[in-house]
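Shown next, in structure tokens, is the structure this report addresses.
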Amino acid sequence: MSNIRRNKSGQFSDDSPGERLRQRPRRSIQRRSLDFNNVNLRLAGVWLVLGMSSLGLLMRLIWLQIVDAPRLQAKAQQQQSINKRPFVPRRTIVDRANNQLAIDRPSYTLYAHPRKFSEVLRGRGLPKNGKQVAVTPQDMAQRLAPILDLTVPELAQKFQRRQTGVFIASGLSEDVRNRIVALKLDGLDVTQGELDYTRFYPQENLVAEYLGYLDWERKPQAGVELSQSSLLERKIARYQLTKTGGNRGVLLPDRVTPDFLHTDDLQLKLTVDLRLQRAAKEALRLKMEEWNARRGTVIVMDADTGALRALVIAPTYDPNHYARDVREYGKIVGDLQAPKLLQNAAVSDVYEPGSTFKPIAVAIALENGIITPQTTVKDSGLITIGQDSIRNADKKGNGTVDIAQILQRSSNIGMVKIMQRLKPKVYYDWLQRIGLGQKFGIDLPLEGRGKLLSREEFVASPIYPANMAFGQGFSLTPIQMVTLIGSIANGGKLVTPHVVEGLYDSEGIRKDKPTLPQPSQIFSPKNAQAVLEMMESVVTSGSGERAKIPGYRIAGKTGTSQKAVVGGYKQDDKKITSFVGILPVDGQRRYVVFAAIDEPKGKEKAFGSNVAAPIVKSVMESLISIDGIPPSNPAEIDRARSSTPPTATPTKPQPPDR
């Protein structure tokens, strides 16, 4: 059978097996040639890609290492460096005897992990390493509550928030931390961060009026913590340190200098005497309880320097727990009034001084030559000025009295008749000269300015000069009142009241002292001495007899001022009783002691003579003991000790004061 066939192109071909075998080698050789060419192309492509990539990498390296290197180096340095100011505690505050009043101490934060609450029990019959047992959240709350000063329900509620990482409390002291650790309970985590420091006030509420407090953000809010913050904060420079890579890089010591954590040993010393402060606080507390009073103030000032040896306000607060005390006070007086607990009433609150201002008015009259110590006036008990009538507090007359007797009997009529001799314009100039209506510059914050009528109002009506003659119709702060009386005690100089002594190092050397204005001479020493002796007669034979201390010469003046309300002075129970004393009259260094009680309520009528004067006496007795003030008449002390116990009330009725 023939194998010759026509193919698709129309040609004849031999399709026999032999013919196919003869043609096969030619096709294989052709295919191998094509495969070899393809491999070469592929290899060339690969080498081309590798070459281009290498060239790109080389160009990129050249760019990074040479062209863009400065920018990258700066960025790396920025990422690896940190500007850091090391945390340094605030300076310690001490009293004049170097007793600590405010310090910074480490604090701790407590977290709880309720799902891990457990403890290890040890004892007879238990494994050598103890037995791990679970502790219920309720049991944990009962154990922690007394340590944290929280209630069991409060803690149990916190434990229910989540199974781990529950915030419990912060600002914990080291003592509290140790007590928690001593429980040996699992599931409690007490930590301390880099900035975990709290301000601690060891004296609690004893000197809050001086100190103020720091809030939870460590921002000063009152007292010297606020006004002297620049002295309390140590000046530490910022350092540029290096850290490892990553978001939480570790600081490296390559740039840390030896003084990185260096702190000075300076302390801010105050003028307060803790012993006197404590005595004044107790005397005020007792009298306020006796008279069920609203508020009270006691101030002791060195008349020569203006340094405040004691400053007591009641009620007050504990700077360690100011928020708690405000809440408790709010339950008594209402939430709107509660923040006033944090105010220093002696510095910020103004009041009408009443009769304690009379010695200042007398000094003004003496300076202007309108009276002498021997001048007399007739006191009928009533005087009419225009459509207004002015009376003595007891609504009685005193007859013809001299200047000393006007102060002894606290005669309003006598004072009005004295000051009527002075032209209103001159009188007003003197009121401005002594600082009424102005700040006296005490180094505590938020000093009140006081209130004084404008010159036009004062001159327009004769009733205003008359009222101001006996301390009515204007207002000032207790600190300002004490400072004015201090000018009588120190020879006529108006000093600047202050509580800061300066910065002292550990060797007791003063390194920084606040600059105080120079005292201004407002009264002549002669006239100041004359008024001082008149004030002494108030204690020896006038309304201030309850401030007497055997053997010591004491000057003073009582005051009982009604609180002004809309429409006048119509609420007899809304009054402020006060007394200001000077000790000793014949001493080289004299002290002004002031006490005021706001809204006293008792079985008998409240006056400065029976409410405030006994407080001043008690404080003066403590001052005598603390400073070792010698008596003027030792024999009088011996007679007082050998005689029968003194009666609780003066031997003769005391005239009311206004």
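Values below: all heavy atoms of this structure, side chains included; hydrogens, waters and symmetry mates excluded. Nothing fancy with the numbering, it's 1 onward along the sequence.
A 6.0 Å sphere centred on CD of Glu289 holds more than 12 heavy atoms belonging to other residues, nucleotides or ligands. The neighbour count for Lys548 NZ, taken as heavy atoms of other residues, nucleotides or ligands under 6.0 Å away, is above 12.
With rounding to the nearest 0.5 angstrom, the CG atom of Leu407 is 6.5 Å from the CE atom of Met415. Atom-to-atom distance recorded for Leu211:CG and Leu270:CG is 6.5 Å, nearest 0.5 angstrom. Rounded to the nearest 0.5 angstrom, Glu533 CD and Thr540 OG1 are separated by 11.0 Å. Here the CG-CD1 distance, from Leu101 to Ile93, works out to 7.0 Å after rounding to the nearest 0.5 Å. Rounded to the nearest 0.5 Å, atoms OG (Ser348) and CG (Leu446) are 5.0 Å apart. Note that the NE2 atom of His498 and the CG atom of Leu308 stand 7.5 Å from one another [nearest 0.5 Å].
If you check the side chains of Tyr201 and Glu225, you find a donor sitting under 3.5 Å from an acceptor. Side-chain polar atoms of Lys557 and Ser578 form no donor-acceptor pair below 3.5 angstrom. In this model, a donor atom of one side chain and an acceptor atom of the other lie less than 3.5 Å apart for Glu367 and Ser524. Ser537 and Gln408 share a donor-acceptor pair across their side chains, judged by distance under 3.5 Å alone. Judged by distance alone, the side chains of Asn368 and Lys423 never bring a donor and an acceptor atom under 3.5 Å apart. With hydrogens and angles left out, the side-chain atoms of Ser227 and Asp443 include no donor and acceptor closer than 3.5 Å.
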Please determine whether side-chain contact (heavy atoms from CB on, under 4.5 Å) holds for the pair Val619 and Leu276, giving the CA-CA distance in whole Å, both sets of side-chain angles, and the decisive distance to 0.1 Å. CA-CA 7 Å; Val619 174; Leu276 188 61; 4.2 Å; yes
CA sep, side-chain torsions, deciding dist, call: Leu284, Val312, side-chain contact (heavy atoms from CB on, under 4.5 Å): CA-CA 8 Å; Leu284 180 61; Val312 178; 3.8 Å; yes
Run the salt bridge (Lys or Arg N to Asp or Glu O under 4.0 Å) check on Lys340 and Asp349 step by step: do they pass? CA-CA 10 Å; Lys340 289 187 177 181; Asp349 291 0; over 6 Å; no
Does Gln203 form a side-chain contact (heavy atoms from CB on, under 4.5 Å) with Gln277? I'd like the steps, not just the answer. CA-CA 11 Å; Gln203 307 302 330; Gln277 181 81 358; over 6 Å; no
Between Val416 and Ile385, is a side-chain contact (heavy atoms from CB on, under 4.5 Å) present by the stated rule, with each step listed? CA-CA 10 Å; Val416 171; Ile385 299 177; 3.9 Å; yes
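Between Ile554 and Val585 there is no side-chain heavy-atom pair separated by less than 4.5 Å. Between Ile615 and Ile597, some side-chain heavy-atom pair lies under the 4.5 Å cut-off. With a 4.5 Å cut-off on side-chain heavy atoms, Gln472 and Ile390 do not count as touching. By the 4.5 Å heavy-atom criterion applied to side chains, Asn99 and Val94 are not counted as neighbours. Side chains of Ile360 and Ile488 form a contact here, defined as non-hydrogen atoms less than 4.5 Å apart. Side-chain contact between Thr483 and Thr496 is absent, with no heavy atoms from C-beta onward closer than 4.5 Å.
In terms of modelled atom types and a separation under 3.5 Å, the side chain of Arg91 and the main chain of Leu231 share a donor-acceptor contact. With Ser520 contributing its side chain and Ile522 its backbone, the two residues share no donor-acceptor pair below 3.5 Å. Side-chain atoms of Gln562 do not come within 3.5 Å of backbone N or O of Lys574 as any donor-acceptor pair. Between the side chain of Thr577 and the main chain of Ala606, no donor-acceptor pair closer than 3.5 Å is present. At least one donor-acceptor pair under 3.5 Å links the side chain of Asn392 to the backbone N or O of Ile413. With hydrogens and angles disregarded, a donor-acceptor distance shorter than 3.5 Å links the side chain of Tyr428 to the backbone of Leu453. Distance alone, capped at 3.5 Å, places no donor-acceptor pair between the Arg589 side chain and the Asp302 backbone. Between the Asn610 side chain and the Lys605 main chain, a donor and an acceptor come within less than 3.5 Å of each other. Judged purely by atom type and a 3.5 angstrom limit, Asn490 uses its side chain to pair as donor or acceptor with the backbone of Gly486. Side-chain atoms of Gln480 come within 3.5 Å of backbone N or O of Gly448 as a donor-acceptor pair.
Under a cutoff of 6.0 Å and an axis angle of 45°, Lys451 and Phe474 do not form a cation-pi pair.
Ionic pairing of Lys513 and Glu501 is not present here: no N-O contact between side-chain nitrogen and carboxylate oxygen is shorter than 4.0 angstrom. The pair Asp394-Lys396 fails the salt-bridge criterion, with no side-chain N (NZ, NE, NH1 or NH2) lying under 4.0 Å from an Asp/Glu carboxylate O. A salt bridge between Arg278 and Glu282 is absent, with no side-chain N of the basic residue lying under 4.0 Å from a carboxylate O of the acidic one. Salt bridge absent: Lys493 and Asp304 never bring a charged side-chain N and a carboxylate O closer than 4.0 Å. Ion pairing between Lys575 and Glu599 fails under the 4.0 Å rule for side-chain N and carboxylate O. For Asp627 and Arg309, the salt-bridge test passes: some basic side-chain N is under 4.0 Å from an acidic carboxylate O.
Contact record, Val592 with Ala489: CG2-CB, 4.4 Å, taken as the closest heavy-atom pair. Residues Pro478 and Ala345 share a closest heavy-atom pair of CD-O, 3.9 Å. Between Pro202 and Gln100, the shortest heavy-atom contact is CG-O, 4.0 Å. Between Met468 and Leu431, the shortest heavy-atom distance links the atoms SD-CD1, 3.5 Å. Considering every non-hydrogen atom in both Phe594 and Met481, the closest pair reads CE1-CG, 4.3 Å. Nearest heavy atoms, Asn412 versus Ala393: ND2-N, 4.1 Å.
Ring orientation note: the planes of Phe458 and Tyr427 are nearly perpendicular, at an angle over 60° on the 30°/60° scale.
Partners of Tyr317 according to the ring-ring contact (aromatic ring centres under 6.0 Å, His included) rule, which considers only residues two or more places apart in sequence or in another chain, are Tyr213. Residues satisfying the side-chain hydrogen bond (donor to acceptor under 3.5 Å, both in side chains) criterion with Gln438, sequence neighbours excluded, are absent altogether. Tyr464 pairs by the ring-ring contact (aromatic ring centres under 6.0 Å, His included) definition with nothing, not counting sequence neighbours. Residues satisfying the side-chain hydrogen bond (donor to acceptor under 3.5 Å, both in side chains) criterion with Ser411, sequence neighbours excluded, are Asp379. Residues that satisfy the side chain to side chain contact (heavy atoms under 4.5 Å, CB included) test with Asp318, not counting sequence neighbours, are Glu204, Asn205, Asn320, His321, Arg324, Asp325. Residues forming a ring-ring contact (aromatic ring centres under 6.0 Å, His included) with Tyr591 (at least two apart in sequence, or on another chain): none.
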